[in-house]
Protein chains: 2
Amino acid sequence: MGRWEPNARGRLARAALVLSAEKGYDATTVAEIAAAAGVTERTFYRYFADKADAIFPDNTGLLVRLSAVVTDAVDAGHNPLDAALTAVQELAMYASQEPERTRLNAQVIPAVPALAGRELLRQRQIADAVSQALSHSGVPALDAQLAAETALGVWRVAVAEWARDAQKGALTDVVASTADAARSQTSRVRLRSPTTSSDVAEARPAGQ
Amino acid sequence: MGRWEPNARGRLARAALVLSAEKGYDATTVAEIAAAAGVTERTFYRYFADKADAIFPDNTGLLVRLSAVVTDAVDAGHNPLDAALTAVQELAMYASQEPERTRLNAQVIPAVPALAGRELLRQRQIADAVSQALSHSGVPALDAQLAAETALGVWRVAVAEWARDAQKGALTDVVASTADAARSQTSRVRLRSPTTSSDVAEARPAGQ
DNA sequence: GTGAGTGATGTCAGAGTCTGACATCACTGA
DNA sequence: TCAGTGATGTCAGACTCTGACATCACTCAC
């Protein structure tokens with residue numbers, strides 16, 4: 001064993017989230033978080049750029065993973081929306097690895113504008129990654145953006161529902177059923193395959 | 001004339017934006033902004049909740065106006081996307097009333113994550129307002145969301161392009177041509193009217 | 001006209017965020 | 001054994017934001 005307890009970063013992140021859930025993010029000081037983790041305030045800032053940083057999960061590798069999942073889905077013949085939705089399922093699996101943390105995140109973040117804004121920034125990174133992965137797989141840029149935005153909408157709705165109602169079951173299940181609902185609704189207004197109708201004469205093959 | 005120069009709020013907002021554009025938002029202190037406006041730091045916080053607040057335009061009335069515009073467009077027979085795009089045009093007209101301010105905003109905000117997050121929060125409010133206006137006009141919820149998100153995407157692209165290239169002309173024109181591009185692209189993948197194709201048998205009438 | 005509000009601003013103190021500079025000290029490897 | 005190394009502590013200070021109280025031109029009864 002070293003000179004200090006290991007995993008100071010993990011203890012700080014956990015303390016930040018638990019204290020923020022208990023008494024509110026704004027009412028929780030960095031000094032308190034540091035004390036709860038058994039370090040000084042200065043050490044907190046060696047692990048996190050700012051207070052908000054301790055609330056958000058580390059995204060290292062996530063975007064790369066999502067891109068890979070989307071690319072695989074397109075290669076497997078899925079249409080853009082379905083491919084984008086596989087990324088959301090992957091996101092759900094990531095979150096499910098730490099359900100308690102995800103639950104606290106969903107409780108703390110929407111209540112604080114500064115954190116909500118940061119979450120939107122994170123979601124935008126995800127949407128951009130998914131959109132670019134689709135584009136690189138041959139999906140036209142606008143279709144790619146639309147699919148990514150739609151998939152992200154599914155994510156927002158699913159997480160909100162899951163966080164609101166503990167009875168809903170696993171996050172991955174809520175995401176799956178939300179995705180199904182989105183698919184069945186968009187299928188009514190979006191083409192799935194080329195037809196002979198003059199209205200859709202320019203439509204491209206779905207798998208392209 | 002009163003005891004103090006009138007329009008302290010306006011002077012503060014302008015000083016905040018100009019100084020942030022000159023030397024960077026983070027490097028600009030509230031004390032400097034206040035001094036440039038001829039008031040004290042304390043007075044700054046009587047007009048703005050925080051430093052970032054001075055950078056963003058006042059949205060009072062905007063959301064109401066956008067909702068009205070969207071409702072009118074639907075009543076006039078436009079499809080959901082076109083109706084949502086009228087809101088974006090309205091947004092462009094609002095911004096065009098203060099082109100210099102809009103230009104500085106587009107320069108300062110994306111460069112600072114905290115401001116970018118806040119801008120996304122503002123855009124989400126706009127998207128929600130547009131989406132709800134569409135819903136209240138009879139557009140199915142998911143279609144309404146899709147139209148609102150798409151329209152907002154047009155806004156983001158148009159503003160970025162306008163800010164990047166001063167040659168592009170008026171913001172309203174850039175928005176108009178971007179909207180046209182979006183329309184022509186989405187028309188290829190989205191139904192505009194019912195057909196007899198079995199693929200679209202469930203499609204609802206466009207004006208509903 | 002005069003005195004009691006009123007409202008925008010100033011002054012002051014202090015908590016909290018974040019950063020730079022330097023000190024400490026268990027551990028590691030030559 | 002002794003000079004790094006690296007994670008942490010200590011200290012000072014700039015900056016953000018807030019509460020409490022003071023100031024003072026202006027206004028409105030009386």
Side-chain angles (χ1 to χ4, degrees), chain A residues 1-56 58 60 108-109 111-119 121, chain B residues 1-56 58 60 108-109 111-119 121:
Chain A
M1 197 184 92
R3 182 180 176 188
W4 298 280
E5 288 294 315
N7 195 26
R9 184 191 171 91
R11 272 178 289 137
L12 284 167
R14 170 158 189 78
L17 199 47
V18 169
L19 288 175
S20 294
E22 277 175 5
K23 49 186 277 188
Y25 174 80
D26 288 331
T28 303
T29 69
V30 173
E32 288 172 340
I33 295 168
V39 297
T40 63
E41 192 178 320
R42 191 67 187 83
T43 292
F44 175 96
Y45 286 104
R46 291 199 170 97
Y47 286 103
F48 302 102
D50 54 41
K51 189 178 158 187
D53 206 27
I55 299 295
F56 290 86
D58 182 17
T60 307
V108 171
I109 293 175
V112 184
L115 299 181
R118 186 153 173 161
E119 172 65 17
L121 226 42
Chain B
M1 196 183 89
R3 182 179 176 189
W4 298 279
E5 289 296 315
N7 194 26
R9 184 190 169 91
R11 273 178 288 135
L12 283 166
R14 171 158 188 78
L17 200 46
V18 170
L19 288 175
S20 294
E22 278 175 4
K23 48 186 280 189
Y25 174 79
D26 288 330
T28 303
T29 70
V30 173
E32 288 171 340
I33 296 169
V39 297
T40 63
E41 191 178 322
R42 191 66 186 84
T43 293
F44 175 95
Y45 286 105
R46 291 200 172 95
Y47 286 103
F48 302 102
D50 54 41
K51 187 178 159 188
D53 205 28
I55 299 295
F56 289 87
D58 182 16
T60 307
V108 171
I109 293 174
V112 184
L115 299 181
R118 187 152 173 159
E119 171 65 18
L121 227 40

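In what follows, chains carry the letters A, B, and so on, assigned in the order in which the sequence lines appear, proteins first and then strands, with residues in each chain numbered from 1. This one's a predicted model, so the numbers in the text were calculated from it and none came from an experiment.
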[X] [atom1] to [N] [atom2], straight-line distance once rounded to whole Å:
X: B:Glu41; N: C:dG10; atom1: CD; atom2: P; result: 12 Å
X: B:Ile55; N: D:dT16; atom1: CD1; atom2: P; result: 12 Å
X: B:Phe48; N: D:dT18; atom1: CZ; atom2: C1'; result: 17 Å
X: A:Trp4; N: D:dT5; atom1: CH2; atom2: P; result: 16 Å
X: B:Asp26; N: C:dT17; atom1: CG; atom2: C1'; result: 13 Å
X: A:Tyr45; N: C:dC18; atom1: OH; atom2: C1'; result: 5 Å
X: A:Tyr47; N: C:dC18; atom1: OH; atom2: P; result: 18 Å
X: B:Arg9; N: C:dA8; atom1: CZ; atom2: P; result: 13 Å

*Looking at B:Asp26 and B:Lys51, does any basic side-chain N land under 4.0 Å from a carboxylate oxygen?*
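No, this pair does not count.
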*Thinking salt bridges, do B:Asp58 and B:Arg9 make one under a 4.0 Å N-O criterion?*
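A salt bridge is absent here (no side-chain N lies under 4.0 Å from a carboxylate O).
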Which listed nucleotide ([options]) is nearest to the side chain of [X]?
X: B:Lys51; options: C:dT17, D:dT16, C:dT9; value: D:dT16
X: B:Val30; options: D:dC17, D:dA7, C:dT17; value: D:dC17
X: A:Asp50; options: C:dA8, C:dC18, D:dA20; value: C:dC18
X: B:Thr43; options: C:dC18, C:dT9, D:dT16; value: C:dT9

*Can you find a donor-acceptor N/O pair under 3.5 angstrom joining the side chain of B:Arg46 to the base of C:dG7?*
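When only heavy-atom distances are counted, B:Arg46 does not reach the base of C:dG7 through any donor-acceptor pair under 3.5 Å.
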*Single hit among B:Leu19, B:Leu17, B:Leu115 for side chain to side chain contact (heavy atoms under 4.5 Å, CB included) with B:Tyr25*: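 Result: among B:Leu19, B:Leu17, B:Leu115, B:Leu115 is the only option passing the side chain to side chain contact (heavy atoms under 4.5 Å, CB included) with B:Tyr25.
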Kindly indicate whether the side chain of [X], heavy atoms from C-beta on, has any atom under 4.5 Å from the side chain of [Y].
X: A:Glu119; Y: B:Leu121; answer: no
X: B:Val30; Y: B:Tyr45; answer: yes
X: B:Glu22; Y: B:Val108; answer: no
X: B:Val39; Y: B:Arg46; answer: no

*Quick one, which residues of residues 11-23 of chain B touch DNA chain D with a heavy atom under 4.0 Å?*
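Nothing qualifies; none.
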*asked:* Please confirm whether the shortest side-chain N or O distance from A:Thr40 to OP1 or OP2 of D:dT8 is below 4.0 Å.
replied: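 The answer is no; no side-chain N or O of A:Thr40 sits under 4.0 Å from OP1 or OP2.
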